[in-house]
A.B. asks: 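Mind looking over this structure? Questions follow.
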2 protein chains.
Amino acid sequence: MRLTTKGRYAVTAMLDLALHEGQGPISLADISERQGISLSYLEQLFAKLRRNSLVKSVRGPGGGYQLNHEKQAISVAQVVDAVNESVEATGCGRQGDCQNGETCLTHHLWCDLSNQIHSFLNGISLADLVVRKDVKDVADRQDRRHSSQVFLTATDSLLADKATV
Amino acid sequence: MRLTTKGRYAVTAMLDLALHEGQGPISLADISERQGISLSYLEQLFAKLRRNSLVKSVRGPGGGYQLNHEKQAISVAQVVDAVNESVEATGCGRQGDCQNGETCLTHHLWCDLSNQIHSFLNGISLADLVVRKDVKDVADRQDRRHSSQVFLTATDSLLADKATV
DNA sequence: GTAATAACCTACTTAAATGCTCGGACTAAT
DNA sequence: ATTAGTCCGAGCATTTAAGTAGGTTATTAC
């Protein structure tokens with residue numbers, strides 16, 4: 001079992017998509033900036049998310065990614081799974097052949113733990129996260145910062161335009 | 001978060017000690033044989049278990065390891081923790097400074113998950129495991145095999161003794 | 001049609017951890 | 001004195017995460 005930034009990034013990015021749903025395709029550059037995740041790394045993660053048909057893409061200018069299903073139909077477990085971070089706690093993948101063909105002493109314990117984790121993460125959808133207060137707070141902060149940055153760079157280019165006149 | 005054979009080995013080995021409690025010190029060689037874990041690797045794991053005072057050791061012939069506390073006072077979480085396999089799912093160690101100083105979008109989600117896992121593993125003691133049917137079954141199988149092996153090697157040495165006569 | 005944008009793809013790099021092995025030193029019972 | 005055991009450090013092969021770099025293709029806007 002393993003849960004690193006890989007799975008956390010994937011969930012964060014998907015949640016970012018869910019939060020900005022209805023605003024058209026969201027570019028990875030935007031997500032990268034808002035969530036502080038390397039753009040190239042995001043590309044690799046979204047390749048997997050796309051292969052698992054959790055997102056759909058639009059190429060070209062104004063393009064980006066969108067959720068491929070309803071928010072409430074995408075669970076955290078699915079996202080973590082899509083980027084190959086199994087929350088399976090057994091070493092044998094539940095086969096029970098952990099100790100050269102036979103069941104090891106603690107096999108069932110890890111099975112129980114796997115069930116526990118999986119049902120927990122399976123029970124949480126992106127829609128559930130979007131309405132949480134702690135998520136909303138962080139999202140608001142990020143959006144303010146992001147839009148003000150957009151404003152600043154827009155102002156910059158206006159000034160640059162003036163300068164070139 | 002990470003749970004690999006390292007933590008699983010540690011719990012398995014501790015459970016082995018719990019199962020053979022009252023039989024004096026248990027050598028790592030015995031555990032290695034019964035549980036199919038490399039002896040040298042066990043040594044490294046038990047160094048950590050000892051440093052966390054989960055076991056006490058007896059050196060010299062007839063020596064080995066014993067639980068340092070009552071079976072019911074040692075939880076699976078403690079054992080996993082002792083070998084440095086944190087079941088902490090956040091990247092920031094609950095600090096909330098995940099995204100360059102500020103809280104990331106999914107921080108609270110991973111906190112919840114950590115709580116879930118921790119309370120689950122914390123609620124299971126070695127005593128709980130010892131009485132489980134699935135554990136008993138495997139333990140019986142291992143003990144039969146182990147004692148018959150001891151018998152065989154004993155017979156071997158008897159025969160060897162006879163041969164040398 | 002040309003430039004810009006953004007998805008898409010492949011390959012490489014760095015760092016860390018796992019799961020071992022090996023060799024030896026210390027300690028205590030026979 | 002020998003032997004059975006714990007103790008300790010170094011080293012090693014493999015895997016993975018996480019990120020870099022460099023490019024190609026599709027689409028829009030000018």
Side-chain angles (χ1 to χ4, degrees), chain A residues 1-10 12-13 17 24-33 35-66 68 80 83-86 91 98-100 104 150 153 157 161, chain B residues 1-10 12-13 17 23-33 35-52 54-66 68 80 83-86 88-89 91 98-99 150 153-154 157:
Chain A
M1 184 178 63
R2 173 179 287 134
L3 182 58
T4 64
T5 58
K6 194 178 188 177
R8 286 194 294 264
Y9 279 172
T12 302
L17 284 190
I26 305 294
S27 74
L28 292 187
D30 279 2
I31 299 178
S32 165
E33 197 183 307
Q35 308 305 335
I37 307 171
S38 136
L39 177 59
S40 293
Y41 199 41
L42 271 179
E43 287 179 353
Q44 291 168 46
L45 296 182
F46 271 79
K48 296 188 176 183
L49 293 173
R50 203 172 64 91
R51 261 177 250 135
N52 284 266
S53 62
L54 291 176
V55 296
K56 55 189 171 192
S57 63
V58 178
R59 300 180 75 161
Y65 287 91
Q66 284 172 304
N68 198 30
V80 173
V83 293
N84 305 337
E85 289 223 303
S86 167
C98 350
Q99 193 180 340
N100 49 330
C104 83
V150 169
T153 51
S157 34
D161 285 354
Chain B
M1 183 179 62
R2 171 180 285 133
L3 183 58
T4 65
T5 58
K6 193 178 189 179
R8 286 195 294 263
Y9 279 172
T12 302
L17 283 191
Q23 303 179 14
I26 306 293
S27 74
L28 293 187
D30 279 2
I31 299 178
S32 166
E33 197 183 308
Q35 309 304 335
I37 307 172
S38 135
L39 177 59
S40 294
Y41 198 42
L42 271 179
E43 287 179 354
Q44 291 167 44
L45 296 182
F46 271 80
K48 295 188 176 182
L49 294 173
R50 203 173 64 91
R51 263 177 248 135
N52 284 266
L54 291 176
V55 296
K56 55 191 171 191
S57 64
V58 179
R59 300 179 74 160
Y65 288 91
Q66 284 172 306
N68 198 30
V80 172
V83 293
N84 305 338
E85 289 222 305
S86 168
E88 177 58 49
C98 348
Q99 193 182 340
V150 169
T153 51
S157 35

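Naming convention: chains lettered A, B, ... in sequence-line order (proteins, then strands); numbering from 1 in each chain. For the numbers below, each heavy atom of this structure counts, side chains included, while hydrogens, waters and symmetry mates do not.
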A.B. asks: Quickly work out the B:R2 CZ to D:dA17 P distance and round it to whole Å.
C.D. replies: 9 Å
A.B. asks: Per the atom types in the model, does the base of D:dC8 pair as donor or acceptor with the side chain of B:Q44 at under 3.5 Å?
C.D. replies: no
A.B. asks: Return the 5'-most residue of the pair B:N84, B:V58 with respect to DNA chain C, ranking by each residue's nearest nucleotide.
C.D. replies: B:N84
A.B. asks: Does C:dC20 have OP1 or OP2 under 4.0 Å away from a side-chain N or O of B:Y41?
C.D. replies: no
A.B. asks: Stepwise, does the side chain to side chain contact (heavy atoms under 4.5 Å, CB included) test hold for A:F46 with A:I31?
C.D. replies: CA-CA 11 Å; A:F46 271 79; A:I31 299 178; 4.0 Å; yes
A.B. asks: Would you find a donor on one side and an acceptor on the other, under 3.5 Å apart, between the side chain of B:S32 and the backbone of B:L28?
C.D. replies: no
A.B. asks: Using a heavy-atom cut-off of under 4.0 Å over every strand shown, decide if B:S27 touches base, sugar-phosphate, or nothing.
C.D. replies: sugar-phosphate
A.B. asks: Which part of the nucleic acid, if any, lies within contact of A:S57, taking any heavy atom under 4.0 Å across all strands shown: a base, the sugar-phosphate backbone alone, or nothing?
C.D. replies: sugar-phosphate
A.B. asks: Can you check whether B:S38 has a side-chain N or O nearer than 4.0 Å to OP1 or OP2 of C:dT21?
C.D. replies: yes
A.B. asks: Taking CG from A:L42 and C1' from D:dG19, how many angstroms apart are they, rounded to a whole number?
C.D. replies: 11 Å
A.B. asks: Could you check which of C:dT21, C:dA7, D:dC7 has an atom nearest any side-chain atom of B:Y65?
C.D. replies: D:dC7
A.B. asks: Round to a whole Å and report the spacing from CG of B:L45 to P of C:dG19.
C.D. replies: 9 Å
A.B. asks: Nearest 0.5 Å, please: how far is CD in B:E33 from OG in B:S27?
C.D. replies: 8.5 Å
A.B. asks: So, does B:T4 get its side chain near the phosphate of C:dG19, meaning an N or O under 4.0 Å from OP1 or OP2?
C.D. replies: yes
A.B. asks: Report the distance from atom CE of A:M1 to atom CE of B:M1, rounding to the nearest 0.5 Å.
C.D. replies: 4.0 Å
A.B. asks: So, under a plain 3.5 Å distance rule, would you say the side chain of B:R50 forms a donor-acceptor pair with the base of D:dC7?
C.D. replies: no
A.B. asks: Please report, rounded to the nearest Å, how far the P atom of D:dA18 is from the CD atom of A:E43.
C.D. replies: 17 Å
A.B. asks: Can you tell me how far P of D:dA17 sits from CG of A:L3, to the nearest Å?
C.D. replies: 11 Å
A.B. asks: Is there a side-chain contact between A:T5 and the phosphate of D:dA18, meaning an N or O under 4.0 Å from OP1 or OP2?
C.D. replies: yes
A.B. asks: Looking for any heavy atom pair under 4.0 Å, which part of the strands does B:Y9 touch: base, sugar-phosphate only, or nothing?
C.D. replies: sugar-phosphate
A.B. asks: D:dT20, C:dT21, C:dA28: which one has an atom nearest the side-chain heavy atoms of B:P61?
C.D. replies: C:dA28
A.B. asks: Rounded to the Å, how far apart are B:I37 CD1 and C:dT21 C1'?
C.D. replies: 16 Å
A.B. asks: Nearest whole angstrom, please: distance from the C1' of D:dA26 to the NZ of A:K56.
C.D. replies: 18 Å
A.B. asks: If you go through the side-chain atoms of A:R59, does one of them form a donor-acceptor pair with the base of D:dT25 closer than 3.5 Å?
C.D. replies: yes
A.B. asks: Taking for each residue the nucleotide of DNA chain C bearing the nearest heavy atom, is the 5' side occupied by B:S40 or by A:S40?
C.D. replies: A:S40
A.B. asks: What's the shortest heavy-atom distance between B:G7 and B:E85, and which atoms?
C.D. replies: N-OE1, 2.9 Å
A.B. asks: Can you check the A:I26 CD1 to C:dT5 C1' distance for me, whole Å?
C.D. replies: 15 Å
A.B. asks: Distance from A:L42 atom CG to A:D30 atom CG, nearest 0.5 Å?
C.D. replies: 11.0 Å
